[in-house]
Visitor: 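Would you mind keeping the following structure in view while I ask a few things?
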Amino acid sequence: MLRASVLERLAIATASTALALLIGITIVAAAGYDPVQFLVSLINGAVGGVSAIARTLRFSTLFILTGVAVAVAFRAGVFNIGVQGQFVVGGIATIMSIIWTAPLLPEGTAGGVGLILIGFAAGTFAGGVYGALPGALKAYADANVIITTIMLNFIATGVVGWLVQNPFRGAGNAAPNTERIPEYVSFPSIVFDSSGFSVVGLAIALATVAVIYVVMERSRFGYDMVTSGHQESAATYSGVSAKRTVVLTMTLSGMVAGIAGAVFAIMIQGYYTDPSGIGTYGFDAIAVSLLAANNPLGIVPAGLLFGGLESAGSHIGIYTDVPVQLIDGVIGLVILFVAVPELFRMAAVRTGLGGEQR
């Protein structure tokens with residue numbers, strides 16, 4: 001894997017996906033269910049019609065954004081396992097900033113666009129600050145960034161969960177939800193007439209990928225990020241502050257996660273609820289990034305794959321009698337098979353293992 005080219009690694013990922021599906025279908029058959037029906041339902045759930053494609057793209061949008069957030073940190077040698085927490089903080093900041101400022105702006109399209117921009121600014125800022133915190137702890141207190149980011153995930157989920165159940169709960173809401181944002185604060189339905197997906201959200205994700213790619217691959221800041229993460233002594237010798245760069249790296253990663261939270265809040269929910277039940281996009285993004293070899297451009301096809309699997313799992317769970325645990329197991333196999341080769345490769349690169357070619 002250390003010597004594998006990009007095309008070879010792509011072939012490995014494709015073969016891993018096919019092998020995982022084959023094993024998954026075998027398990028489904030052994031459990032007493034029709035494997036052909038399962039495979040057909042898997043395909044139909046991902047791309048079998050306009051509604052299925054819209055659902056796949058909805059999940060893919062979030063996986064692309066959170067995957068890029070993970071990739072930013074991983075490329076710089078920093079393990080940001082806290083994207084889920086930054087995603088949650090960005091989402092709640094987006095919703096509350098819109099609710100609080102809505103009375104100050106006129107209703108209609110102009111006011112809606114203004115509130116969306118305010119929401120995105122708040123979500124991006126909140127995610128960035130929440131990402132900067134473990135970055136600063138690592139840089140200036142030598143704290144283990146994996147432990148701190150994992151802990152901050154739980155803190156974000158717990159605190160936001162308390163907020164939506166108590167001070168931020170909408171008046172008269174039986175469920176722990178905030179107020180809904182105004183109806184005119186939404187992405188327009190273009191191409192797909194789906195209440196949970198808009199091409200605008202996907203366009204924001206793709207634009208974010210392009211910006212991050214340019215920053216990481218074509219800017220001095222991106223070069224300093226990668227150098228500081230993998231060769232701190234070399235970066236320091238060349239005049240780069242490795243500690244400051246680590247903080248900035250985590251801040252940028254958190255900002256992208258905050259954008260993902262803003263897209264989720266505006267495009268899908270329209271309010272905020274207990275984050276313990278909104279999905280584990282930030283955790284799944286680790287596998288997305290690993291599959292893409294932490295390359296921002298590779299995140300797009302990887303996100304589409306994971307979006308298709310998520311969409312197919314939802315479809316199978318509703319329209320077939322296959323137990324949801326079995327569906328999750330098959331999807332988990334695919335994630336495991338496609339991510340583990342890159343995980344081993346990344347570990348080998350960082351530790352110098354793998355030996356010499358003889």
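Treat the numbers as computed from the prediction; the structure is a model and nothing was measured. Worth knowing before you read on, the calculation uses all heavy atoms, side chains too, and leaves out hydrogens, waters and symmetry mates.
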Visitor: Going by the rule side-chain contact (heavy atoms from CB on, under 4.5 Å), which residues pair with F221 if we only count those two or more places apart in sequence or in a different chain?
Guide: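 If we apply the side-chain contact (heavy atoms from CB on, under 4.5 Å) test to F221, skipping adjacent residues, the hits are V215, S219, M225, L248, L252.
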Visitor: Please list, chain by chain and in numerical order, all residues satisfying side-chain contact (heavy atoms from CB on, under 4.5 Å) with V160, sequence neighbours excluded.
Guide: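 Residues passing side-chain contact (heavy atoms from CB on, under 4.5 Å) with V160: V88, I92, V164, Y272, P275.
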Visitor: Set out, in order, the CA-CA distance, both residues' side-chain angles and the distance that settles side-chain hydrogen bond (donor to acceptor under 3.5 Å, both in side chains) for S253 and N80, then state yes or no.
Guide: CA-CA 8 Å; S253 178; N80 183 9; 2.7 Å; yes
Visitor: What orientation do F192 and F197 show, parallel under 30°, tilted 30 to 60°, or perpendicular over 60°?
Guide: perpendicular
Visitor: Using the side-chain contact (heavy atoms from CB on, under 4.5 Å) criterion, which residues pair with D328? Sequence neighbours excluded.
Guide: V324
Visitor: Examine F74 together with F79 and report whether their ring centres are nearer than 6.0 Å.
Guide: yes
Visitor: Among pairs that include at least one residue of residues 210-219, which meet salt bridge (charged side-chain N to carboxylate O under 4.0 Å, His left out), considering only residues two or more places apart or in two chains?
Guide: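 Applying salt bridge (charged side-chain N to carboxylate O under 4.0 Å, His left out) to every pair that reaches into residues 210-219, excluding sequence neighbours, yields R75-E217.
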Visitor: Provide the full list of side chain to side chain donor-acceptor pair (under 3.5 Å) pairs with a residue in residues 172-189, sequence neighbours left out, each pair given once.
Guide: N177-T273
Visitor: Residues two or more places apart in sequence or in another chain: which of them pass side-chain hydrogen bond (donor to acceptor under 3.5 Å, both in side chains) with R55?
Guide: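 With neighbours one apart ignored, the set is S311.
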Visitor: Rounded at 0.5 Å granularity, tell me how far OG1 in T94 sits from CD1 in I181.
Guide: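 It is 9.0 Å, given to the nearest 0.5 Å.
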Visitor: Using a 3.5 Å distance criterion without hydrogens, assess whether the side chain of E310 forms a donor-acceptor pair with backbone atoms of T56.
Guide: no
Visitor: Where is the tightest heavy-atom contact between Q84 and G282, given as atom of each residue plus distance?
Guide: OE1-N, 2.6 Å
Visitor: For A257, what residues pass the side-chain contact (heavy atoms from CB on, under 4.5 Å) criterion, not counting sequence neighbours?
Guide: A69, V83, Q86
Visitor: Kindly state each residue pair satisfying side chain to side chain donor-acceptor pair (under 3.5 Å) with at least one member in residues 288-298, sequence neighbours excluded.
Guide: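 Qualifying pairs: S289-N294.
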Visitor: What is the minimum heavy-atom distance between G91 and A265, and which atoms define it?
Guide: O-CB, 3.8 Å
Visitor: Same cluster or not: F264 versus V159, using hydrophobic residues (I, L, V, M, F, W, Y) connected whenever any side-chain heavy atoms lie under 4.5 Å apart?
Guide: yes
Visitor: Applying the 4.5 Å side-chain criterion to the ILVMFWY set and letting contacts propagate, would L202 and V191 be lumped into a single cluster?
Guide: yes
Visitor: In the structure I gave you, are the side-chain heavy atoms of I278 and F87 within less than 4.5 Å of one another anywhere?
Guide: yes
Visitor: With sequence neighbours excluded, tell me which residues meet side-chain hydrogen bond (donor to acceptor under 3.5 Å, both in side chains) with T26.
Guide: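 Testing T26 for side-chain hydrogen bond (donor to acceptor under 3.5 Å, both in side chains), a comparison that skips the adjacent residues, returns none.
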Visitor: Looking at CD1 of I286 and CD1 of I81, how far apart are the two atoms once the value is rounded to the nearest 0.5 Å?
Guide: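 Those atoms lie 4.0 Å apart.
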Visitor: In Å, rounded to the nearest 0.5 Å, how long is the span from OH of Y33 to CD1 of I316?
Guide: 12.5 Å
Visitor: To the nearest 0.5 Å, what is the distance between OG1 on T61 and CD1 on I204?
Guide: 9.0 Å
Visitor: Return each pair, listed once, that meets side chain to side chain donor-acceptor pair (under 3.5 Å) where at least one residue sits in residues 95-110; pairs must be two or more places apart or across chains.
Guide: none
Visitor: Do V70 and F283 belong to the same hydrophobic cluster, where Ile, Leu, Val, Met, Phe, Trp and Tyr are linked whenever their side-chain heavy atoms lie under 4.5 Å apart, directly or via other members?
Guide: no
Visitor: In Å, rounded to the nearest 0.5 Å, how long is the span from OG of S41 to CD1 of I318?
Guide: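 Separation between the atoms: 12.0 Å.
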Visitor: Check side-chain hydrogen bond (donor to acceptor under 3.5 Å, both in side chains) between D274 and all other residues, then give those that pass, not counting sequence neighbours.
Guide: S276
Visitor: According to the interplanar angle, ranging from 0 to 90°, do the rings of F306 and F63 count as parallel (below 30°), tilted (30 to 60°) or perpendicular (above 60°)?
Guide: perpendicular
Visitor: Among all residues two or more places apart in sequence or in another chain, which pass the side-chain hydrogen bond (donor to acceptor under 3.5 Å, both in side chains) test with T249?
Guide: none
